Q: 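My structure is below; once you've seen it, I'll send some questions.
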Amino acid sequence: MPIERPRGTNDYGPEEMARRRAVEGILQDAAHRFGFREVSTPTIEHLDLFTTKSGPGIVKELYAFKDKGGRDVALRPEFTASIVRFYLSELRNLPKPIKVYSVGNVFRYEEPQKGRYREFTQFNAEIIGAPALQGDAEVVALAIECLRSVGVRDIHVRVGHIGMLRAFLKLPPEDQGKVIHWLDKRDFTALKAELTRLGLERMAAPLRQYIELKGGPEVLDQGAKLLAGVGTEGFEYLRALATRLKLYGVEHLTFDLGVVRGLDYYTGMVFEVDSPNLGAEKQVMGGGAYTLAEVFGGEPVPQTGFAFGLDRIVLAAAAEGVQLPVPRLDCYVIPIGEPLRTKALETLQTLRRAGVSADIDLLGRGPSKNLDYANAIHARFAVLVGEAESKKRRVAVKDLDSGKQEELELEALITRALQRPKA
Ligand code: AMP
């Protein structure tokens, strides 16, 4: 029986991989334009890193196991905890603010469906040590710029504030975590049961109304009324954030007090971006402000971050018909007859050394089969090395997009091949 790949994982063929790398490159460029630098952390971490804040309940969502030395380890389900660990051990020595990004695979033991996998790729960015408003605005602006740069236009940016909810709930962390979890899942039956257990049943109705508030600045006033007694600080903060984001050219924000985010560590502004074209798994990005360093024994320091699901951006780009800048083979060299194979190999070398991507027939096929192959791999030019042209130190070049053929000197071919069309 053939061996299948594990459930919830993916194989990516050359076309798909080229699209993924193109998106990854665009996101990296955007991060560099915003002054973020790349860091890398291990795929495997001590289990404690994830249970310290989220409690043992998180283990069922992880790929966690004992290594051969009997240590409890887990495959990372996200980047933030690793970045904070790295910050506390080394990055804290760098001048602040620290602006870093990472890209790599993460693992979660989830029920797989379209756009929801057990192994997937995240693009994660964090700012550590910037004042909240400045850091939050920069992070939200980068997230939006990432999508704009990829060419995904149809997006909904929703911003909320989990700090206000936490202040309203005034519960010990574990109970608070449970209530927030059910709010995040929109499971109102479980929410009511939990609140009843805590003797807070009266909170069920206002909480439900609260998380359904979504729209313009008016929802901030409505939210403040519903959470009467906790003040308006968070709501004023969101207004200030929206004003600051206008300076970044971000005009279309929705205030969504229902952005709750399942993870326990968010403490302030939280935000999500949806691509409505994706159906059920439409959330391409999530993030917010948190204070994790303290949890791991460090000094309090403001932190804000986000993570994109790379798979979902690629799907969102496809749904909008975005043409990604996928590299193509420039030249496919075809010897016209066996005696010209040596000449064709020389041509190939010249092209490759000049920085042109070039390939050659390895199977000894005839010219017409070779042309079919060159078309099938989406090469830009077929370079036909024939007797007559060779004598004139020329090659016959067929533009495989237009079908036009002409004779060129190699230098001219190189110049043309290096002028790659922008996608
Ligand atoms: P989170 O760390 O849960 O906030 O997720 C950040 C982003 O990662 C989400 O907005 C999704 O785009 C993506 N994501 C989360 N879970 C999955 C999954 N199981 N499969 C694919 N992408 C995911």
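Each ligand, and each atom within it, is numbered from 1 in the order the structure gives. Just so you know, these numbers come straight off a predicted model, no measurement behind them. In what follows, residues are counted from 1 in the order of the sequence shown.
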Q: Looking at Arg7 and Glu110, is there a salt bridge between them, counting it only when a charged N and a carboxylate O are closer than 4.0 Å?
A: no

Q: For Arg116, counting its heavy atoms only, list the atoms of ligand 1 lying under 4.0 Å from any of them.
A: 18 (C), 19 (N), 20 (N)

Q: Enumerate the salt bridge (Lys or Arg N to Asp or Glu O under 4.0 Å) contacts for residues 311-331, please, sequence neighbours excluded, ordered by first and then second residue.
A: Arg20-Asp311, Glu281-Arg312, Arg328-Asp401, Asp330-Arg380, Asp330-Arg420

Q: If we only consider heavy atoms of Glu78, is any one of them less than 4.0 Å away from an atom in ligand 1?
A: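 Glu78 does not count as a contact of ligand 1 under the 4.0 Å cut-off.
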
Q: Just to be sure I'm reading this right: ignoring hydrogens, which of Gln113, Gln122, Met285 gets closest to atom 8 (O) of ligand 1? Compare them by their nearest heavy atoms.
A: Gln122

Q: What part of Glu272, side chain, backbone, both or neither, has a heavy atom within less than 4.0 angstrom of ligand 1?
A: neither

Q: Between Lys99 and Glu138, is the closest basic N to carboxylate O distance under 4.0 Å?
A: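 Salt bridge flag = yes for Lys99 with Glu138.
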
Q: Hey, which atoms in ligand 1 end up nearer than 4.0 Å to a heavy atom of Gly286?
A: 10 (O)

Q: Is the contact between Gln283 and ligand 1 made by the side chain, the backbone, both, or neither, using heavy atoms and a 4.0 Å cut-off?
A: both

Q: Assess Val284 for proximity to ligand 1: is some non-hydrogen atom of it under 4.0 Å away?
A: yes

Q: Could you list all the salt bridge (Lys or Arg N to Asp or Glu O under 4.0 Å) pairs where at least one residue sits in residues 150-159, not counting sequence neighbours?
A: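 Listed once each, the pairs are Arg158-Asp256, Arg158-Glu272, Arg158-Asp274.
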
Q: Looking at Phe107, I'd like to know if the NZ or CZ of Arg118 sits under 6.0 Å from its six-membered ring centre while staying within 45 degrees of the ring's axis.
A: no

